Amino acid sequence: MICIPVTGRDVEKMAQEMAVAAEQADVVELRMDYAPGADLRRLLKDRPRPVIVTYRAKRQGGMFEGPEEDRLRLVQKAVDLGAEYVDIELDAAARIRRNPKTRLIVSHHDFERTPSDLGRLHADIVAAGADIVKIATMATDIRDNLAIFDLLRRSKKETIALCMGEPGTISRIIGKKFGGYLTFASIRAGRESAPGQITARDLRTLYRYEKIGWGTELYGVIANPVAHSMSPAIQNAAFEAVGRNAVYLPFKVDGDPVAFVNAFKAIDIKGYSVTLPHKEALVAAMDEVDDLVKRVGALNTIFNREGRLIGANTDVSAALDALTAALLTEKERRSEEPPLKGRVALLLGAGGAARAVGFGLLARGVRVFIANRTHERAEALAREIGCEAVALSDLASVAADILINTTSVGMHPNVGATPFPAALLRPGMVVFDAVYNPPETRLLREARAADCRTLSGLAWFVNQAAAQFELWTERPAPRNVMEKALRERLGK
Ligand code: NAP
């Protein structure tokens with residue numbers, strides 16, 4: 001079940017928000033501590049959904065500041081009025097008289113951390129007479145979620161358990177897989193009643209919450225930051241399109257990614273996408289890697305074959321396939337010659353994307369020059385993969401017929417920036433931008449104006465995601481669905 005808390009400051013606002021929340025929620029939580037004087041009887045009379053009534057005390061992260069006696073009187077009134085659920089803190093539960101119509105959610109919140117011994121806390125809440133146990137703890141590390149999943153799995157009593165904070169967001173999405181009674185979601189972005197909540201709309205449409213259950217396979221992207229990743233949108237759309245019982249999650253890993261992957265073996269993740277800044281570090285955590293990963297020294301995909309984690313790199317072929325498919329003429333495509341052989345490419349950037357593309361270009365017989373803001377990095381990468389470095393002040397000296405931007409210059413929100421002077425763009429030049437947000441960057445606009453052939457990073461992104469999907473599922477990826485989902489997400 002999805003529960004949306006409403007936090008209006010008076011009875012009118014509460015009633016309005018309850019009506020809106022009811023469109024997305026199975027249960028509405030009336031956070032009466034935001035409006036303790038509001039007429040609860042009136043709100044209950046018109047309720048469109050079952051409700052949880054909560055007068056959260058300040059000491060447990062709520063807004064209620066008055067005397068405890070007053071608060072308990074209000075909670076008792078909610079029970080006496082027959083609200084479906086009433087939330088009461090563990091340390092006050094004994095003071096509430098029961099009513100058979102009302103189920104008591106006995107709760108405990110820890111806004112500092114996730115204690116290791118949740119079992120004892122859970123037992124104390126059960127012993128206090130809870131109909132439903134609620135435990136919400138702050139995640140300081142994404143691995144804290146595992147304690148919550150373990151608790152849910154072992155619990156015989158109906159239990160709501162979740163981690164707060166951004167690293168805890170996944171517990172709000174997949175707690176149900178481990179037996180969680182309900183999850184909390186916000187009515188809209190910006191109206192979260194606790195840190196890490198996502199919107200009910202995202203829960204339903206992006207993560208397909210209704211379909212999550214014991215048998216749901218888990219996938220996700222390992223990144224930091226992860227909040228703006230497009231991967232959940234496109235991979236979840238792909239799973240939905242092929243009817244697979246799977247959900248793809250955002251894993252914000254700001255600590256050691258190897259420790260994360262090893263810990264999450266406990267919940268049998270079936271596959272990962274890996275992006276900045278973890279592509280190199282995770283190679284060490286694999287049971288096996290493909291040849292490309294060995295040569296490039298970076299992976300962007302992990303798949304799980306009967307518990308063994310295998311690292312792969314779909315970045316290289318994704319970029320080169322996009323370049324080949326979009327930019328060669330029909331005649332060039334049909335020719336026996338390797339299509340890119342003998343061309344000259346200028347690569348802007350010396351990070352992970354440059355390494356993947358540079359490697360792929362060289363393997364296809366392209367002569368490659370690398371230019372980068374930090375020239376020493378360009379030199380180091382050029383030495384490593386076997387090509388030439390060129391100073392940014394000397395770009396005009398390279399007669400490139402392919403220009404590839406692998407820096408983040410021009411990416412949202414800095415859409416006015418470009419990594420290459422327009423004056424150096426020549427007609428017929430192929431210009432490929434790794435940036436896909438926005439799909440048309442200033443570099444690509446200027447390149448089109450200069451009669452260059454252009455290619456957005458979108459094709460690269462969809463290619464690498466589709467190849468990941470195929471490694472995980474061993475079936476063709478619904479590429480059109482994935483591209484559509486990406487464009488929709490970018491449009492928002
Ligand atoms: P990375 O390893 O962090 O490298 C970033 C590169 O951008 C470095 O060369 C860095 O130069 C340069 N850079 C950053 N800010 C700059 C600025 N203000 N001015 C000049 N240069 C700047 O990142 P990455 O993994 O290579 O990714 C780079 C870009 O490619 C990102 O925008 C990413 O989204 C995109 N990408 C797209 C796809 C796709 O599927 N379309 C795939 C992979 C990557 P310094 O060395 O001087 O710091």
Side-chain angles (χ1 to χ4, degrees), residues 221-231 233-235 273-282 296-301 313-323 325-326 346-361 368-382 384-385 389-393 395 403-421 431-444 454-469 477 479 482-483 485-487 489-490:
V221 54
I222 303 175
N224 186 28
V226 76
H228 298 293
S229 171
M230 299 287 147
S231 297
I234 71 175
Q235 298 291 5
S273 310
V274 181
T275 186
L276 275 178
H278 300 310
K279 288 183 179 185
E280 282 99 23
L282 275 171
V296 180
L299 55 75
N300 74 330
T301 311
N313 190 315
T314 67
D315 264 341
V316 177
S317 59
L320 272 293
D321 288 353
L323 188 61
L346 174 57
L347 206 52
L348 306 175
R355 177 199 288 261
V357 176
F359 185 85
L361 290 169
V368 178
F369 292 85
I370 300 179
N372 189 47
R373 174 177 64 179
T374 312
H375 185 62
E376 300 74 47
R377 284 189 80 193
E379 285 182 323
L381 181 60
E384 191 188 330
I385 64 175
V390 57
L392 282 177
S393 55
L395 293 179
L403 173 72
I404 305 180
N405 173 40
T406 65
T407 75
S408 43
V409 178
M411 191 167 85
H412 181 80
N414 300 317
V415 295
T418 179
F420 194 74
V431 179
F432 183 10
D433 201 335
V435 172
Y436 57 87
N437 183 12
E440 181 163 276
T441 55
R442 176 174 162 195
L443 171 65
L444 293 186
T454 60
L455 176 60
S456 152
L458 216 95
W460 179 358
F461 192 71
V462 173
N463 277 356
Q464 58 84 29
Q468 294 183 328
F469 184 93
R479 302 180 57 93
M482 296 172 94
E483 182 167 343
L486 177 59
R487 285 187 185 279
R489 203 75 188 172
L490 288 172

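These numbers come from a predicted model, not from an experiment. Values below: all heavy atoms of this structure, side chains included; hydrogens, waters and symmetry mates excluded. Each ligand, and each atom within it, is numbered from 1 in the order the structure gives.
- For the side-chain contact (heavy atoms from CB on, under 4.5 Å) with Thr441, the lone residue among Val435, Thr454, Asn405, Val415 that qualifies is Val435.
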Give every pair made of an N or O atom of ligand 1 and a protein N or O atom lying under 3.5 Å apart, one pair per line with both atom names and the distance to 0.1 Å, or write 'none'.
residue, atom, partner, partner atom, Å
ligand 1, 2 (O), Gly352, N, 3.0
ligand 1, 9 (O), Ala350, N, 2.9
ligand 1, 9 (O), Asn372, OD1, 2.7
ligand 1, 11 (O), Asn372, OD1, 3.2
ligand 1, 18 (N), Arg373, NH1, 3.3
ligand 1, 26 (O), Gly352, N, 3.1
ligand 1, 26 (O), Ala353, N, 2.7
ligand 1, 40 (O), Phe461, N, 3.2
ligand 1, 41 (N), Ala434, O, 2.9
ligand 1, 41 (N), Gly457, O, 3.0
ligand 1, 46 (O), Asn372, ND2, 2.8
ligand 1, 46 (O), Arg377, NH1, 2.7
ligand 1, 47 (O), Arg373, NE, 3.0
ligand 1, 47 (O), Thr374, N, 3.1
ligand 1, 47 (O), Thr374, OG1, 2.5
ligand 1, 48 (O), Arg373, NH2, 2.9

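- Checking side-chain atoms of Thr418 against main-chain N and O of Arg442 turns up no donor-acceptor pair under 3.5 Å.
- A donor-acceptor pair is defined here as one N or O able to donate and one able to accept, closer than 3.5 Å; no such pair exists between the side chain of Asn463 and the backbone of Ser317.
- Residues passing the salt bridge (charged side-chain N to carboxylate O under 4.0 Å, His left out) test with Glu379, sequence neighbours excluded: none.
- For Ala371, the side-chain contact (heavy atoms from CB on, under 4.5 Å) test picks out Leu346, Leu348, Val390, Leu392, Leu395, with sequence neighbours left out.
- Residues satisfying the side-chain contact (heavy atoms from CB on, under 4.5 Å) test with Ser393, not counting sequence neighbours, are Ala391.
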